[in-house]
Amino acid sequence: AGEPLLLVHGITEDHRTWDSFVPALAQTHRVLRLDLPGHGGSSALPAYYAFSLGPATAGFVRALGIDPPRGIGHSLGGIVATMLAALVPVRSVFNVDQSLRLGSFIEVVRGIAPRLGGAGFSDAMNEEMDLLGGPRLPAAVREELRRYRGPERLPGVAGLWLPLLEQDEEQVLATLMPVLAGIRVPYLSLHGADPGPGYGAWLAGAIPGAVTEVWDGLGHWLHRVEPARFLARVRAFHGDAA
């Protein structure tokens, strides 16, 4: 019960990645989790493009007919939650470790692209994601995340990532910046490593009032490394953003 809280998972994962957080969050919110298209139990989209999951998720929220939710998204889910705020009414956005300046990510995709096919897909994804996870990610969580990266996830990953290779960061931003400028709700961007020089100022200019915070050394799944700290930050943010 309570105001709706929508949890959006990252690439290859599904709603289960939030399992450990639901009991605490459900004490104060109506917690909603979804499997993004092509993930978990959800069917794939007929076609993907780089930001295609935003409109799909907005349709999901409209269909529920709920009060404006708060959104928490990790990685790809951070982009989805961000786009959602420009497409339907939301109360706030908590973006977990997803930079909206995608230049360095495009370079990562460029390096991994030749392996995003056939039998090498899972190994390539695991190698890249293990690096992002960092040394403090618990072994049990690392193994859980690996189980999401089976070959059935290849179409979604390729459909979402490979179109980015046809653009550079400035071309992507030309599409994204008008979307960001329309967001007028409290916005927190939390990172497990420095997102780059001047990123906080840039984000606050792109999304008026956005706050950037860094928990350095915790890696891409910082919320799984220090879950109690993360839950406390969610509560504090929602209290500030009420």
Side-chain angles (χ1 to χ4, degrees), residues 5-26 28-29 31 33-34 36 39 70-85 92-105 107-109 125-149 157 186-204 207 210-241:
L5 173 62
L6 179 65
L7 305 178
V8 191
H9 62 79
I11 193 79
T12 74
E13 299 169 27
D14 61 40
H15 72 278
R16 294 171 296 172
T17 195
W18 298 106
D19 279 353
S20 60
F21 297 101
V22 170
L25 294 172
T28 52
H29 292 80
V31 179
R33 295 179 290 167
L34 77 163
L36 291 171
H39 293 72
R70 298 189 184 278
I72 301 178
H74 170 249
S75 192
L76 170 65
I79 292 181
V80 173
T82 299
M83 296 197 70
L84 189 67
S92 63
V93 176
F94 194 139
N95 176 349
V96 185
D97 209 61
Q98 178 57 62
S99 172
L100 301 181
R101 293 199 67 109
L102 296 176
S104 59
F105 176 69
E107 291 308 309
V108 168
V109 175
M125 289 293 292
N126 284 329
E127 289 170 16
E128 191 61 46
M129 296 300 184
D130 282 350
L131 291 174
L132 289 176
R136 294 191 55 186
L137 188 67
V141 176
R142 195 179 300 272
E143 287 307 307
E144 174 203 329
L145 296 172
R146 282 174 164 258
R147 291 195 292 271
Y148 294 122
R149 301 179 192 133
V157 172
Y187 190 103
L188 175 62
S189 186
L190 178 63
H191 299 265
D194 187 350
Y199 181 78
W202 172 84
L203 185 64
I207 301 175
V211 173
T212 299
E213 190 172 319
V214 180
W215 294 357
D216 205 17
L218 297 193
H220 189 49
W221 286 270
L222 68 164
H223 57 310
R224 306 295 301 273
V225 175
E226 294 193 1
R229 183 183 179 188
F230 175 72
L231 284 168
R233 190 66 186 94
V234 169
R235 293 189 189 101
F237 175 61
H238 286 174
D240 293 342

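All heavy atoms count here, side chains included; hydrogens, waters and symmetry mates do not. For this chain, numbers begin at 1 and follow the sequence in order.
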Test log, rule side chain to side chain contact (heavy atoms under 4.5 Å, CB included), inputs W18 and R16: CA-CA 5 Å; W18 298 106; R16 294 171 296 172; over 6 Å; no

Residues L222, H191; criterion side chain to side chain contact (heavy atoms under 4.5 Å, CB included); working and verdict: CA-CA 8 Å; L222 68 164; H191 299 265; 6.0 Å; no

Pair L100-I207, side chain to side chain contact (heavy atoms under 4.5 Å, CB included): steps then yes or no: CA-CA 11 Å; L100 301 181; I207 301 175; 4.2 Å; yes

Let me see the working for T28 and H238 under side chain to side chain contact (heavy atoms under 4.5 Å, CB included), right down to the final yes or no. CA-CA 11 Å; T28 52; H238 286 174; over 6 Å; no

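A salt bridge between E226 and R136 is present, with a side-chain N of the basic residue lying under 4.0 Å from a carboxylate O of the acidic one.
For H39 (side chain) and T12 (main-chain N/O), a donor-acceptor pair under 3.5 Å exists by modelled atom type. Here the side chain of Y148 pairs no donor or acceptor atom with the backbone of I11 at under 3.5 angstrom. Using a distance-only test at 3.5 Å, with no hydrogens or angles considered, a donor-acceptor pair links the side chain of H9 to the main chain of L36.
The shortest non-hydrogen separation linking F230 to L190 is CD1-CD2, 4.2 Å. Scanning all heavy atoms of the two residues, the minimum distance from D97 to G192 falls at OD1-N, 2.8 Å. In plain terms, the two heavy atoms of T82 and Y187 that are nearest each other are OG1-OH, 2.6 Å. Of all heavy-atom pairs spanning R142 and D130, the tightest one is NH1-O, 3.3 Å. When all heavy atoms of T212 and P195 are compared, the pair lying nearest together is CG2-CG, 4.3 Å. Shown here for Y199 and S189, the closest heavy-atom pair between the two residues is CE2-OG, 4.2 Å.
Looking at R233 and L188, their side chains come closer than 4.5 Å, going by heavy atoms from C-beta outward. Contact of the R224 side chain with the F21 side chain is registered, since non-hydrogen atoms from C-beta on lie closer than 4.5 Å. Residues L7 and L25 have side chains in contact (heavy-atom distance under 4.5 Å, counting atoms from C-beta outward). Residues L137 and L145 are in side-chain contact: their nearest non-hydrogen atoms beyond the backbone lie under 4.5 Å apart. Proximity of W221 to L132: side-chain heavy atoms (C-beta onward) are separated by under 4.5 Å at one or more points. Two residues are said to be in side-chain contact when any heavy atoms from C-beta on lie closer than 4.5 Å; F237 and P186 meet this criterion. The shortest side-chain heavy-atom distance between T17 and E144 falls under the 4.5 Å cut-off.
A search for side-chain hydrogen bond (donor to acceptor under 3.5 Å, both in side chains) contacts involving Q98 returns nothing, not counting sequence neighbours. In terms of the side-chain hydrogen bond (donor to acceptor under 3.5 Å, both in side chains) criterion, residue partners of D19 (sequence neighbours excluded) are, by chain and number, R33.
For CZ of R229, the number of neighbouring non-hydrogen atoms (other residues, nucleotides, ligands) closer than 6.0 Å is greater than 12.
Atom CZ of residue F94 and atom CD of residue E213 lie 7.0 Å apart, to the nearest 0.5 angstrom. For the atom pair OG of S92 and CG of D240, the computed distance is 10.5 Å after rounding to the nearest 0.5 Å.
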Would you give me the side-chain donor-acceptor pairs under 3.5 Å for residues 71-79, sequence neighbours excluded?
from : atom 1 : to   : atom 2 : distance (Å)
H74  : NE2    : H220 : O      : 2.8
S75  : OG     : H220 : NE2    : 2.9

